[in-house]
Amino acid sequence: MGDFLENLFNHAHGAINHFPIALLFVSAGLDLVAEKRPNLRSTAWLLLVLGTLGAVGATVSGLLAHLAYEDDPTLLSAIDVHQYLAFATTALFAFLTAWRWHSLRLGSDIGGTRVYLALALLGLVVLGVTGFLGGNLLTEYGIGVRGITR
Ligand code: HEM
């Protein structure tokens with residue numbers, strides 16, 4: 001049981017970070033499609049909220065995951081780039097959520113506007129690079145990976 005919980009804790013970030021990646025990509029995709037199918041607009045908004053909550057969860061779990069590597073400057077500098085891009089991603093989508101929530105309260109949805117879509121697209125690029133570099137922390141640096149011995 002102790003091993004199971006330790007394993008679960010060690011890999012919590014690897015589990016949680018899939019939520020923002022999946023939900024935010026689909027949210028922006030639905031906003032694009034909603035030009036032709038307006039009933040999808042509210043689903044795009046729901047996925048934006050859930051994806052942003054996922055980004056906050058990924059950020060918190062990532063910060064906890066990195067603590068064990070604080071004493072290694074090489075690993076830490078690789079983690080740092082991933083960390084700061086993750087902060088930028090989370091801040092951008094938190095801003096989009098707040099802005100869209102405000103617009104909905106005023107009775108209009110900014111989800112289909114050019115500025116919103118451009119910022120969401122920028123967010124997806126930064127999110128994509130964040131995820132790619134996160135993957136590299138495992139595959140290129142071996143962080144959190146138990147080696148295979150044959
Ligand atoms: C939007 C926020 C974030 C996303 C989407 C994200 C994404 C990822 C991805 C895709 C991986 C590869 C691991 C896997 O899939 O199993 C990863 C690993 C990692 N990330 Fe993040 N990350 C985020 C925030 C952070 C933050 C703020 C830190 C703080 C330093 C961090 C630290 C790490 C570490 C140490 C690893 C390698 C070890 C492990 O997975 O526990 N991440 N991240």
Side-chain angles (χ1 to χ4, degrees), residues 1-34 40-104 109-113 115-150:
M1 188 65 184
D3 278 357
F4 169 73
L5 285 180
E6 192 182 335
N7 199 268
L8 195 69
F9 180 81
N10 283 341
H11 299 295
H13 182 58
I16 294 171
N17 63 37
H18 292 71
F19 286 94
I21 297 171
L23 300 175
L24 293 171
F25 270 88
V26 179
S27 172
L30 289 183
D31 268 322
L32 285 174
V33 179
L40 292 176
R41 190 74 71 200
S42 59
T43 310
W45 159 239
L46 177 65
L47 295 187
L48 174 71
V49 174
L50 295 177
T52 303
L53 289 174
V56 173
T59 299
V60 173
S61 60
L63 282 170
L64 290 174
H66 100 284
L67 291 177
Y69 307 97
E70 288 243 283
D71 59 348
D72 187 320
T74 312
L75 295 183
L76 207 57
S77 62
I79 293 174
D80 267 352
V81 189
H82 172 67
Q83 172 180 327
Y84 291 123
L85 288 177
F87 288 167
T89 308
T90 307
L92 182 52
F93 281 105
F95 167 75
L96 288 182
T97 303
W99 184 30
R100 194 161 178 176
W101 180 71
H102 185 70
S103 82
L104 283 165
D109 189 347
I110 44 107
T113 63
V115 189
Y116 177 89
L117 289 173
L119 285 175
L121 212 63
L122 175 71
L124 292 185
V125 172
V126 188
L127 174 59
V129 179
T130 303
F132 174 72
L133 294 179
N136 276 354
L137 293 179
L138 277 77
T139 57
E140 302 299 311
Y141 294 86
I143 297 177
V145 177
R146 198 187 292 272
I148 299 173
T149 42
R150 281 184 179 146

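This one's a predicted model, so the numbers in the text were calculated from it and none came from an experiment. Along the sequence shown, the residues carry numbers beginning at 1. Note that ligands are numbered from 1 as they come in the structure, with each ligand's atoms numbered from 1 the same way.
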Atoms of ligand 1 less than 4.0 Å from [X] heavy atoms?
{"X": "Ile143", "answer": "37 (C), 38 (C)"}
{"X": "Gly135", "answer": "11 (C), 12 (C)"}
{"X": "Thr59", "answer": "2 (C), 27 (C)"}
{"X": "Leu63", "answer": "28 (C), 29 (C)"}

What is the nearest protein non-hydrogen atom to [atom], stated with its residue, atom name and distance?
{"atom": "atom 5 (C) of ligand 1", "result": "Leu127 CD1, 3.8 Å"}
{"atom": "atom 16 (O) of ligand 1", "result": "Gly14 CA, 3.5 Å"}
{"atom": "atom 13 (C) of ligand 1", "result": "Leu138 CD1, 3.4 Å"}
{"atom": "atom 1 (C) of ligand 1", "result": "Thr90 OG1, 3.7 Å"}

task: Determine whether the side chain, the backbone, both or neither of Tyr69 has a heavy atom under 4.0 Å from any heavy atom of ligand 1.
output: neither

statement: Short version for Asp80: what comes under 4.0 Å of ligand 1, heavy atoms counted, is neither

field: Side-chain donor/acceptor of Ser103 to backbone N/O of Ile110, under 3.5 Å
entry: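 At least one qualifying donor-acceptor pair exists.
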
- prompt: What count do you get for protein N/O/S atoms less than 2.8 Å from atom 21 (Fe) of ligand 1?
  reply: 2

Indicate the atoms forming the closest heavy-atom contact of [X] with [Y], along with that distance.
{"X": "Leu117", "Y": "Gly112", "answer": "CD1-O, 3.7 Å"}
{"X": "Pro20", "Y": "Gly51", "answer": "CB-O, 3.6 Å"}
{"X": "Val126", "Y": "Leu85", "answer": "CG1-O, 3.7 Å"}

Quick check: do [X] and [Y] have side-chain heavy atoms less than 4.5 Å from each other?
{"X": "Leu53", "Y": "Phe19", "answer": "no"}
{"X": "Leu47", "Y": "Leu24", "answer": "no"}
{"X": "Leu40", "Y": "Asp31", "answer": "no"}
{"X": "Arg100", "Y": "Leu48", "answer": "yes"}

field: side-chain hydrogen bond (donor to acceptor under 3.5 Å, both in side chains) involving Ser27 - partner list, sequence neighbours excluded
entry: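 Here no residue qualifies.
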
statement: Hits for side-chain hydrogen bond (donor to acceptor under 3.5 Å, both in side chains) against Asn17, two or more places apart or cross-chain, chain-then-number order -> none

message: As a test of understanding, state which of Leu121, Leu96, Asp109 forms a side-chain contact (heavy atoms from CB on, under 4.5 Å) with Tyr116.
response: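 That would be Leu96; it is the only one of Leu121, Leu96, Asp109 passing the side-chain contact (heavy atoms from CB on, under 4.5 Å) with Tyr116.
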
task: Take every heavy atom of Thr89, measure it against each atom of ligand 1, and state whether any distance is under 4.0 Å.
output: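 Thr89 does not count as a contact of ligand 1 under the 4.0 Å cut-off.
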
field: Contact with ligand 1 for Phe87, non-hydrogen, under 4.0 angstrom
entry: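 Under 4.0 Å: yes for Phe87.
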
- request: Would you list the pairs meeting ring-ring contact (aromatic ring centres under 6.0 Å, His included) in which at least one residue belongs to residues 50-85, sequence neighbours left out?
  value: Tyr84-Phe87

